[in-house]
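Sequence lines set the chain letters: A, B, ... in the order given, protein chains first and strands last, and positions in each chain run from 1. All figures in this text were calculated on a predicted structure; none of them were measured in a lab.
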Amino acid sequence: MRISELKDFVDQQVEITGWVIGKRSSGKIHFILIRDSSAFCQVVVAEKEVHPEVFEQCKHLNIETVIKIKALAVEEPRAKLGYELHLKDMEVLSTPVDEYPIPRKPSGPDFLLNYRHLWIRSPRQSAIMRIRSKVISAIRNYLDQQGFYCVDTPIFTASSCEGTTTLFKVDYFNQDVFLAQTGQLYNEATALCLDKVYCFGPSFRAEKSKTRRHLTEFWQVEPEFLFARLEDIINLAEGMIVRIVEEILTHHQIDLKILDRDISKLEQVKAPFPRMTYDQALQLLQEKNISAEWGKDFGAPEETKISESFNSPVCIHRYPSAIKAFYMKQAPEDNRLALGVDILAPEGYGEIVGGGVREEDIAILEQRIDQHQLNRDDYQWYLDLRRYGSVPHGGFGLGIERTVAWICGIHHIRETIAFPRTIDRIKP
RNA sequence: UGCUCGGUAGCUCAAUUGGCAGAGCGGGUGGCUGUUAACCACUAGGUUGUGGGUUCGAGUCCCACCCGAGCAGCCA
């Protein structure tokens with residue numbers, strides 16, 4: 001049985017296999033902290049209640065010793081989870097051959113990332129990984145229930161998709177190919193046969209970004225569907241985010257507690273999210289005495305200021321067309337604006353969703369490709385989608401790491417993936 | 001890529017004006033029956049990021065390089 005199930009076994013004898021994460025001792029009584037795959041818990045060892053050999057063994061338990069224990073589960077209000085274990089018997093299954101490199105007291109990120117393969121064992125990091133897993137399954141379940149098909153798009157791509165960001169070049173049998181930065185263009189193709197589709201996979205950006213919101217390898221889910229109006233796209237993203245938050249609040253209270261997450265902040269996330277145009281967002285910034293020029297994208301400080309005004313994620317739509325991707329459809333009422341939407345997470349976690357309506361007219365799309373100084377030849381297959389049976393469509397991408405960072409309330413997205421890839425870190 | 005800050009024990013950090021290399025944690029040994037990053041005593045543990053320079057003397061000052069962090073741009 002697992003530590004997270006202790007609440008169902010109060011005053012009963014339980015058997016648990018766990019890893020030692022710390023110990024304290026007062027001579028005739030030891031306090032051992034153990035973790036298993038579900039949570040962590042304190043084990044109390046009284047000299048009178050165990051065999052002398054077991055008591056002596058407990059004196060020498062180092063971090064990451066693996067023990068199998070028989071103990072009584074007891075309610076304990078002082079404990080973080082509300083329970084502790086009173087040891088009856090213990091068997092040592094594995095003794096570390098060396099001192100564990102990671103101390104219990106705080107260490108710096110450089111050191112911890114060098115030992116990432118061990119750091120992930122800490123209660124905090126494990127809690128984040130469990131939450132990430134649930135975020136992903138919540139997304140998949142939500143889309144499945146809405147009738148979406150999962151279509152996996154290629155990682156190797158022949159050329160730039162969006163043309164804006166730097167790509168990783170790979171040698172592909174003596175040919176230069178690139179790691180995908182998005183699956184969207186491919187799923188515009190699959191949407192024209194299956195209608196509601198999504199891809200879920202890693203994306204790669206070779207930009208030399210060194211911020212707490214960037215990784216070179218990150219994961220995103222990208223739904224795409226036919227006859228999508230901007231409103232439909234926002235509704236789908238909103239429903240997805242609400243579902244994610246509900247699932248985490250329902251199933252991961254222990255993990256949120258381990259992370260010291262302020263749950264009231266997540267409980268305030270309710271549909272409908274506030275929606276405003278880019279112009280209205282500029283106005284909001286002006287009211288807060290922040291000057292932002294029309295025509296420029298918001299930077300991190302502006303995004304933080306906007307999201308601080310709301311308890312739920314905020315949807316900002318109709319950005320200037322010039323700062324958005326070439327495939328973004330222009331607003332019929334004002335062609336300087338794009339039918340695109342960004343959703344900013346609360347508490348300054350920044351953009352977690354970007355999406356919009358795609359341009360379905362081949363003439364306009366060709367013009368846009370030229371304006372962005374992209375090579376038309378690279379996009380012939382994409383233009384075919386407009387040549388044959390073109391209909392309005394759209395979708396969005398949701399960044400997994402940024403979403404998990406927000407849900408968990410952690411500062412840097414490198415902790416939201418088991419083995420983060422950043423500009424200068426490829427090991428372990 | 002730019003700006004700012006940093007690199008001293010396994011980890012977190014001190015070291016006054018340029019003058020003996022230090023502490024806490026972690027490890028080891030001993031003590032303590034309710035500890036929550038427990039505490040107390042003893043003990044082991046150092047090529048001060050690398051290379052050069054100034055100086056009687058450099059962790060400290062100068063130059064170059066390497067590495068890291070924060071922020072920005074770009075974006076999920």
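Under 3.5 Å, the side chain of A:S209 and the base of B:C75 form no donor-acceptor pair of N or O atoms.
Ring geometry for A:Y278 against A:Y319 counts as tilted: the plane angle lies between 30° and 60°, on a 0 to 90° scale.
Residue A:N62 has a polar side-chain atom (N or O) positioned under 4.0 Å from OP1 or OP2 of B:G28. Contact between the side-chain N/O atoms of A:R104 and the OP1/OP2 oxygens of B:A38 is found at a separation under 4.0 Å. At the phosphate of B:G70, neither OP1 nor OP2 sits under 4.0 Å from any side-chain N or O atom of A:R213. In this model, the phosphate group of B:C75 is not approached by any side-chain N or O of A:R212 to a distance below 4.0 Å at OP1 or OP2. Side-chain nitrogen and oxygen atoms of A:R24 include none within less than 4.0 Å of the OP1 or OP2 phosphate oxygen of B:U35.
Rounded to whole Å, the distance from CZ on A:F111 to P on B:A69 is 15 Å. Between the CD1 atom of A:I241 and the P atom of B:A76 there is a distance of 14 Å, rounded to whole Å. What separates CG of A:L398 from P of B:C75 is a distance of 18 Å, to the nearest Å. When rounded to the nearest whole Å, the span between CD1 of A:I343 and C1' of B:C75 equals 16 Å.
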TODO: Any chance you could lay out the salt bridge (charged side-chain N to carboxylate O under 4.0 Å, His left out) test for A:R2 and A:D36, step after step, and finish with the verdict?
DONE: CA-CA 7 Å; A:R2 310 194 313 160; A:D36 68 5; 5.7 Å; no

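The side chain of A:K105 lies closest to B:C25, out of B:C71, B:C25, B:U33. Listed nucleotides B:G73, B:U29, B:G70 differ in distance to A:R414; the shortest reach to its side chain belongs to B:G70.
With respect to the salt-bridge test (charged N to carboxylate O, under 4.0 angstrom), the residues A:R402 and A:E303 do not qualify.
Within the nucleic acid shown, A:E76 comes within 4.0 Å of at least one base atom, counting heavy atoms only.
Across the interface with RNA chain B, nearest-nucleotide mapping of A:L61 and A:K48 shows A:L61 to be the residue nearer the 5′ end.
B:A76 has its base stacked against the ring of A:F218, the centroids being under 5.5 angstrom apart at an interplanar angle below 30°.
A:Q280 and A:R318 share no donor-acceptor pair across their side chains, judged by distance under 3.5 Å alone. A side-chain donor from one of A:Q184 and A:Y327 sits under 3.5 Å from a side-chain acceptor of the other. A donor atom on one side chain and an acceptor atom on the other are not found under 3.5 Å apart for A:T65 and A:N62.
Of the residues in residues 78-98 of chain A, those with a non-hydrogen atom less than 4.0 angstrom from any atom of RNA chain B are A:R78, A:E84, A:H86.
Checked against the 6.0 Å centroid threshold, A:H30 and A:F55 count as a close aromatic pair.
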